[in-house]
Amino acid sequence: MTDTNSAPTETDYSATLFLPQTDFPMRAGLPKREPDWLARWEEMDIYAMQREQARDRPKFTLHDGPPYANGNIHIGHALNKTVKDLVSRSMQMMGYNSAYVPGWDCHGLPIEWKIEEQYRAKGLDKNDVPVNEFRQECRTFATKWVDVQRQEFKRLGVLGDWENPYLTMSFDAEATIANELMKVATSGQLYRGSKPVMWSVVERTALAEAEIEYADIESDTIWVKFPVVRGHRDPGEAYVDRRPPTADEINPRLVQDEAFVVIWTTTPWTIPANRAISYSSKISYGLYEITLAPSENWAKTGERYVIADKLATEVFAKAKVQAFQRLDTVSAEELSRIVCAHPLQNLGSGYYFDVPLLDGEHVTDDAGTGFVHTAPGHGLDDFGIWMDSARLLGERGIDTKIPYAVDDAGYYTKDAPGLEGARVIDDSGKKGDANDRVIAALAVRGAMVARGRVKHSYPHSWRSKKPVIFRNTPQWFVYMDRDIAGKAGDTLRSRALNAIDATRFVPGAGQNRLRAMIADRPDWVLSRQRAWGVPISVFVKKHSNDILVDEVVNHRIVEAFAAEGADAWFADDAKERFLQDRHDPADYDMVRDILDVWFDSGSTHAFVLENKQKWPDLKWPASLYLEGSDQHRGWFHSSLLEGCATRGRAPYDAVLTHGFTMDGDGKKMSKSLGNTVAPQDIIKQYGADILRLWVASTDYWEDQRLGKEAIQTTVDNYRKLRNTLRWLLGNIAHYDPADAVGFADMPELERLMLHRLAQARCSGAPGLQ
RNA sequence: UGGCCCGUAGGCUCAGGUGGUUAGAGCGCACGCCUGAUAAGCGUGAGGUCGGUAGUUCGAGUCUACCCGGGCCAACCA
């Protein structure tokens with residue numbers, strides 16, 4: 001037997017066997033081949049084919065939440081869009097007309113910043129450029145990123161109406177958004193109120209928290225005494241009324257003791273705006289008497305101060321007091337009932353009001369006096385406690401209106417009587433004369449205890465590096481608790497809460513989360529002092545807060561926006577153009593603020609789902625909103641309020657949330673930590689299908705981890721899946737229908753397998769709905 | 001600080017209705033088999049006391065409280 005003659009005699013068994021046979025390759029080569037597949041599908045226009053094919057089916061509308069058109073997509077976008085694609089395609093396969101119209105959020109601060117940055121690089125200033133020129137640059141910028149992200153999303157394999165997406169900045173969208181706002185205004189839900197914001201005097205602009213940086217600064221500090229008084233005096237009465245309390249007054253002994261409550265502040269200029277003093281029921285306070293002090297001292301022998309026990313020694317040292325004694329304990333309960341006079345009372349014939357004491361969580365006895373001077377227009381804590389107490393204070397006959405004590409240029413207004421024209425900060429960012437004027441006025445009235453200087457961390461503008469102030473400003477709000485159209489109990493809040501109950505949440509916890517937010521939230525602040533957005537397109541009667549309600553004018557505005565975009569509002573002749581023949585332009589002010597971008601995105605249901613010309617395959621309300629869990633505060637929330645305010649219900653039937661993608665160790669991804677995973681890299685190295693398979697195999701209700709290991713696991717799984725398919729294909733290569741075996745003739749084992757397969761199919765499908 | 005959510009194999013992804021004997025699966029790993037599905041396929045095995053503590057209970061991964069770790073939201077960031 002030799003090699004040469006053995007081979008021909010061997011039987012070629014391979015010809016007698018049904019060996020697996022297929023040209024389905026074992027290796028996918030996804031990064032190379034995926035682009036070809038996508039190109040082919042695009043050429044076939046599969047999306048249009050689907051619409052055609054599903055024209056008569058019931059509609060399933062997954063309404064796309066718009067990503068912000070700013071920068072490349074990250075893993076969060078990839079996860080979100082992939083899950084949407086899985087849902088949308090599944091519903092199409094399950095017999096619905098599942099159209100998917102992607103969209104983008106285009107207005108807003110981050111894009112403004114980018115353009116401003118470019119300006120600064122060129123030595124330009126935003127304020128020197130006509131607003132519509134600036135807006136045009138923002139528009140161009142957004143357009144560019146819409147195109148980039150569109151390509152990235154398509155590369156992910158997401159099927160949708162990519163040639164006809166929605167944009168919050170398209171003219172028809174801007175027109176609808178403005179129209180939605182005017183609906184809110186017309187139904188009496190819009191009002192002008194006030195709110196303190198971070199304000200840069202140098203730049204004459206409001207700042208977002210992200211635009212603030214902290215730096216050390218040396219400030220004047222003062223200790224000021226507020227006399228405890230009877231309260232409820234008539235204007236013009238004595239500076240300090242200490243007549244004994246009458247029977248119906250609940251004023252305590254501190255009046256007869258002629259006591260003072262002492263506060264400490266690093267911002268003397270906020271004293272004119274003081275409306276309350278905050279204390280803490282967790283701190284122990286005492287009544288102290290000065291037994292020895294220099295004769296010319298601000299703090300005089302015989303005066304009695306209420307101070308936190310822990311800080312008394314320090315305060316008296318600052319006040320150059322030589323000796324003092326503790327007379328008594330002052331309880332929190334007693335503090336809650338007393339009232340002080342304002343230390344500037346009488347200045348400019350003003351400051352005749354009661355200064356109540358409020359129990360505040362933010363008060364500590366680490367520094368100061370244990371009492372916090374509270375100017376609701378000039379501090380976040382101050383504003384918070386004041387608003388929280390507003391109802392009770394109102395019942396006590398105290399006016400809870402917050403004064404506009406400082407104007408946009410940093411000057412005192414008439415709300416700071418006797419000090420008008422003094423300045424907090426000047427144009428170069430330096431301290432103005434306000435502090436000195438206040439201190440002098442306090443000293444004249446004997447209200448000063450001590451003064452000093454302190455170095456501390458203080459907010460500065462990111463851009464100018466100059467100090468900023470917290471300043472009360474007029475803003476536009478939507479009522480949460482006012483009856484709509486005069487129907488008792490039919491408020492925005494009650495509508496929204498009902499709508500939440502009527503909505504299906506997946507997972508269910510989202511319902512509680514959103515309900516808690518709606519139940520607690522204050523009125524919606526709609527106004528922003530910015531340039532890139534849809535204007536609050538209303539007119540206000542001069543010297544009043546009355547909003548012009550005129551359907552003809554509103555119609556003109558909508559028509560103009562639809563034709564020219566919202567830039568029409570900022571054109572030179574806009575006021576005359578919209579009011580002509582109807583109202584005297586001289587009688588009205590035009591609101592120059594723009595809308596919160598959340599109102600834009602909250603209105604997408606109006607300009608997308610209801611636009612039958614552009615997207616006939618969509619329906620209102622949406623079947624589903626599907627976003628990350630952060631959107632409880634964002635898009636789910638704003639869409640809910642907008643829908644309830646204008647249509648009485650949520651614009652969606654169901655809400656599905658997914659978690660966030662963490663790094664391989666379960667830590668959040670961030671550029672600064674360098675632990676981000678870019679979807680572009682995965683696609684380049686492994687292919688979009690690996691990313692999609694990872695998304696499909698993860699439990700997206702919760703946060704997911706994505707690291708090297710998770711990717712490798714997915715690659716391995718993909719290979720197994722692929723080989724299983726290859727084996728199946730190989731095995732049916734020789735299949736001849738004539739050989740088919742009837743179900744009844746199958747062996748029991750085979751029947752069991754087919755039964756199991758059918759079961760698996762049934763159990764999978766409902767899970768998607 | 002507050003609201004909501006999450007925490008089960010020495011690596012990863014997850015099962016574990018109304019509390020009940022030795023807590024399951026896949027991937028990975030180790031060892032072995034096969035060599036006409038072969039940059040494949042098959043088998044066997046090791047590995048966890050369930051984030052921590054304290055309770056309730058005859059009995060808790062499963063209930064309660066507190067704590068620790070992580071996440072989302074609490075801002076004119078989206």
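The figures that follow rest on heavy atoms only: side chains count, while hydrogens, waters and symmetry mates do not. Letters A, B, ... are given to chains in the order of the sequence lines, protein chains preceding strands, and every chain is numbered from 1.
Between Thr604(A) and His63(A), the side chains place a donor N or O and an acceptor N or O closer than 3.5 Å (distance only, hydrogens not considered).
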Pairs under 3.5 Å (N/O, protein and nucleotides 72-74 of chain B):
residue: C72(B); atom: O2'; partner: Arg513(A); partner atom: NH2; Å: 3.3
residue: C72(B); atom: O2'; partner: Asp630(A); partner atom: N; Å: 3.3
residue: C72(B); atom: O2; partner: Arg513(A); partner atom: NH2; Å: 2.7
residue: C73(B); atom: O4'; partner: Arg513(A); partner atom: NH2; Å: 3.2
residue: C73(B); atom: O2'; partner: Arg633(A); partner atom: NE; Å: 3.2

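The C1' atoms of G48(B) and C66(B) are separated by 26 Å, rounded to the nearest whole Å. Between G71(B) and G55(B), the distance separating the two P atoms is 32 Å to the nearest Å. For the P atom pair drawn from G16(B) and G7(B), the interatomic distance equals 11 Å after rounding to whole Å. Spacing between A25(B) and A9(B) at atom P, rounded to whole Å, works out to 15 Å. U56(B) and A60(B): their C1' atoms are spaced 10 Å apart (whole Å). Nucleotides C72(B) and C63(B), compared at atom C1', are 27 Å apart to the nearest Å.
Here the P atom of nucleotide C76(B) and the CG atom of Asn472(A) are 14 Å apart, to the nearest Å. Protein atom NE2 of His658(A) is 17 Å distant from nucleotide atom C1' of C6(B), rounded to whole Å. Protein atom CG of Asp596(A) is 12 Å distant from nucleotide atom P of A75(B), rounded to whole Å. Following rounding to the nearest Å, Arg528(A) (CZ) and A75(B) (P) show an atom-to-atom distance of 11 Å. As rounded to whole Å, 17 Å separates atom C1' of A75(B) from atom CG of Asp520(A). Rounding to whole angstrom units, CG of residue Asn70(A) and P of A78(B) are separated by 8 Å. Look at CZ on Arg719(A): it is 9 Å from P on G28(B), rounded to the nearest Å. Between the CG atom of Asp600(A) and the P atom of C76(B) there is a distance of 16 Å, rounded to whole Å.
In this structure, Val525(A) and Gly510(A) both approach RNA chain B, and ranking their closest nucleotides by distance from the 5' end singles out Gly510(A). Between Trp598(A) and Asn512(A), the residue whose closest nucleotide on RNA chain B is further toward the 5' end is Asn512(A).
For Tyr68(A), counting side-chain heavy atoms from C-beta on, the closest listed nucleotide (C76(B), A37(B), A78(B)) is A78(B). Considering only the side chain of Asn723(A), A40(B) comes nearest among A40(B), U38(B), C77(B).
Looking at Glu112(A) and Ile115(A), their side chains never come closer than 4.5 Å, going by heavy atoms from C-beta outward. Between Trp145(A) and Cys106(A), the closest side-chain pair of non-hydrogen atoms is not below 4.5 Å. Taking 4.5 Å as the limit, some side-chain heavy atom of Leu640(A) sits within range of a side-chain heavy atom of Tyr652(A).
Remark: U49(B) base-pairs with no nucleotide; criterion is Watson-Crick or G-U wobble with both hydrogen-bond distances under 3.5 Å. Under the Watson-Crick and G-U wobble criteria, each requiring two contacts below 3.5 Å, nucleotide C4(B) is paired to G71(B).
For the pair Lys81(A) and Phe153(A), the cation-pi test (distance below 6.0 Å, angle within 45°) is passed.
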